[in-house]
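Read through the structure below, which is laid out as structure tokens, and then see the notes.
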Amino acid sequence: MQDEQVTVIKKKRSVFNIILVIVTVILACGSIGLFIAPQIAHHGYADEDEFQAYADQQMKETSALPATKSQLMTYDYGKKQSIAIRYDPTFDEELAVFRDQRIRDIEKEFIDKVSKHKDEQAAEKERRLFDQPNQNVLLIDTAVYETGNGARTIAIQATEYLQENNLPVRQDSTIDTWLLADVDNSAIKPVQVLKVDYKEKAASYIQEYIHTNYGDGRLSEDADSYLTPEEQNLNKFVMYKGTMTFFFDEGTVADASEGVVSVEVPKSYMSEVVRTSIVKRVIDPNRPMVALTYDDGPGLDAEKRILKCLKKYNAVATFFYLGNRVKQDKNDVRLAYSIGCEIGNHSWDHSDLTSLSKKQIRSQIKKTNKAIASVTGEKPTVFRPPYGSFNDDVIEAADMPAILWQLDTLDWKSRDAKQVFNKVKKAKKLDGKIILMHSLYDSTAEATEKIVPWLQKKGYQLVTVSELINYKKGEAPKAGQTY
Ligand code: ZN
């Protein structure tokens with residue numbers, strides 16, 4: 001009997017012990033909850049309302065985009081990630097489709113990042129325990145600006161936060177901008193709304209601004225390399241009635257903690273490089289087109305005359321330049337580029353490339369690309385071997401689309417404007433053809449003055465070589481192929 005009583009007492013004790021353990025665990029959990037809860041409330045968010053307030057606050061702190069008239073915030077609150085987007089509620093429907101597609105791409109990329117985030121699984125468990133949303137946030141800020149000269153710039157800034165220790169931690173902020181023509185929302189290049197020397201002009205202002213306003217360790221170590229007047233440094237901007245704001249992604253010009261850096265260049269400063277109206281050509285894929293090409297420039301009197309003629313008729317051509325001539329004749333290169341002509345590579349010194357080693361060929365091509373890019377800010381996308389002379393080694397070593405021709409005017413042989421013009425006039429089915437000429441001869445310039453208006457009157461659109469290939473083959477010119 002006694003033994004039995006003892007057993008009962010022991011059982012009662014163990015039940016008491018279990019209760020004690022449970023109470024202790026509950027108390028401990030509670031205090032952990034109390035410890036974590038204020039942190040979430042303070043820095044992150046615990047529900048939809050808190051997320052909205054959090055997103056508003058962060059948008060205010062991170063946005064680098066100049067404000068537009070009316071802006072609307074939308075919130076997509078979720079347990080795994082939450083997304084807030086700000087945009088102008090009303091404008092062109094086509095533009096809205098374009099903008100929304102970019103937004104979808106950014107969202108998709110972010111959701112993918114969240115799913116691969118190392119804290120995700122642990123976070124998921126904690127979320128279930130405390131019924132908290134994950135602290136993964138995507139902020140998208142967008143705006144559209146009228147340039148005032150026939151175009152619009154659209155800017156999208158994306159700032160990402162990933163959960164670390166139950167808090168949203170800012171990872172990265174990037175901006176992309178696009179220039180679209182008012183008339184048809186076609187993509188346009190900066191030089192269509194700005195004169196070619198806008199880069200030098202903007203860079204000199206930005207360099208001074210950055211060095212005056214970002215001192216004492218706020219700049220990145222290689223800040224100056226992002227401030228040179230090159231297109232790749234100045235390709236993110238918005239323009240509104242003459243004023244321009246340039247953007248530099250997080251961690252480029254300034255230390256990453258500074259976020260995206262924006263510099264507003266005043267209208268008074270930019271006015272002389274802003275075009276009064278955009279230089280535009282609209283290509284109709286259903287109408288016939290030809291590509292005039294001129295070799296052996298730049299810098300000859302005949303070429304100046306050819307450029308003047310192209311400008312007069314709002315036409316373009318492709319110029320295959322020799323690298324060793326580019327430096328001393330920068331202005332012609334600039335003019336050709338600024339009126340929308342395509343600039344191609346015609347080797348450094350007009351060597352017959354088939355007589356050179358692969359290494360020598362590469363050097364001829366690279367040196368020339370570099371010389372041209374130093375003037376236009378853009379590397380040539382096509383090349384033409386001198387004398388049209390090539391073999392497999394040339395094509396492989398050049399590593400650029402090789403452009404030949406379908407109609408040779410023999411302008412170098414006849415040196416006679418009338419004969420050159422007749423070659424074009426008598427050719428059958430010019431649609432889709434590349435026409436070979438040389439910017440060396442006055443007779444060719446004279447012929448051009450007849451050919452351009454004649455072609456336009458016949459209904460031909462004058463396009464660049466790359467445009468021609470794009471429209472006729474349905475794809476951009478490819479390295480390793482001849483056309
Ligand atoms: Zn040549």
Side-chain angles (χ1 to χ4, degrees), residues 290-307 309-310 316-330 332-333 335-337 341-356 360-373 375-376 379-391 393-395 397-417 419-420 423-424 433-448 451 464-466 468-469 477 479 481-483:
V290 291
L292 298 179
T293 64
Y294 297 90
D295 291 3
D296 301 353
L300 302 128
D301 286 343
E303 186 166 295
K304 289 181 182 43
R305 210 168 138 188
I306 291 164
L307 287 168
C309 170
L310 293 170
V316 295
T318 302
F319 290 86
F320 289 96
Y321 285 148
L322 293 169
N324 66 2
R325 285 194 163 169
V326 167
K327 270 242 158 72
Q328 68 239 37
D329 291 299
K330 281 182 186 172
D332 285 4
V333 181
L335 179 59
Y337 182 73
C341 289
E342 185 168 17
I343 311 296
N345 182 323
H346 195 43
S347 84
W348 181 255
D349 56 14
H350 216 272
S351 300
D352 180 346
L353 299 180
T354 58
S355 69
L356 303 181
Q360 287 170 318
I361 298 167
R362 272 195 288 274
S363 154
Q364 288 263 344
I365 298 295
K366 276 193 177 156
K367 262 166 73 181
T368 303
N369 279 347
K370 213 176 148 192
I372 291 170
V375 179
T376 64
K379 239 169 70 177
T381 44
V382 290
F383 104 105
R384 173 175 282 161
Y387 315 101
S389 162
F390 68 95
N391 55 26
D393 281 358
V394 171
I395 298 300
D399 198 28
M400 291 176 81
I403 309 298
L404 303 168
W405 55 85
Q406 286 79 45
L407 176 68
D408 188 350
T409 60
L410 298 175
D411 62 336
W412 56 275
K413 205 168 165 190
S414 73
R415 311 264 180 113
D416 181 279
Q419 284 194 43
V420 173
K423 279 269 181 198
V424 176
K433 285 188 175 157
I434 296 171
I435 300 174
L436 171 66
M437 287 183 274
H438 298 79
S439 52
L440 295 170
Y441 314 112
D442 290 334
S443 51
T444 300
E446 200 186 318
T448 299
I451 290 168
T464 67
V465 159
S466 286
L468 186 86
I469 293 166
Q481 282 205 31
T482 53
Y483 297 91

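Numbers here simply count residues along the sequence, with the first being 1. In each ligand, atom 1 is the first atom listed, and ligand 1 is the first ligand listed.
Few gaps surround CG on D408; more than 12 heavy atoms of other groups in view lie less than 6.0 Å from it.
No donor-acceptor pair closer than 3.5 Å links the side chain of R305 to the backbone N or O of A445.
The tally of protein N/O/S atoms under 2.8 Å from the Zn ion (ligand 1) stands at 3.
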Let's go through E303 and Y321 carefully: what are the C-alpha distance in whole Å and the side-chain angles of both, what is the deciding distance for side-chain hydrogen bond (donor to acceptor under 3.5 Å, both in side chains) to 0.1 Å, and is it a yes or a no?
CA-CA 11 Å; E303 186 166 295; Y321 285 148; 3.0 Å; yes
Carefully, step by step, assess H346 and F319 under the rule ring pair (Phe, Tyr, Trp, His ring centres under 6.0 Å).
CA-CA 9 Å; H346 195 43; F319 290 86; over 10 Å; no
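The only member of N345, D349, N324 that meets side chain to side chain donor-acceptor pair (under 3.5 Å) when paired with Q364 is D349.
Side-chain atoms of Y294 and T444 include no donor-acceptor pair closer than 3.5 Å.
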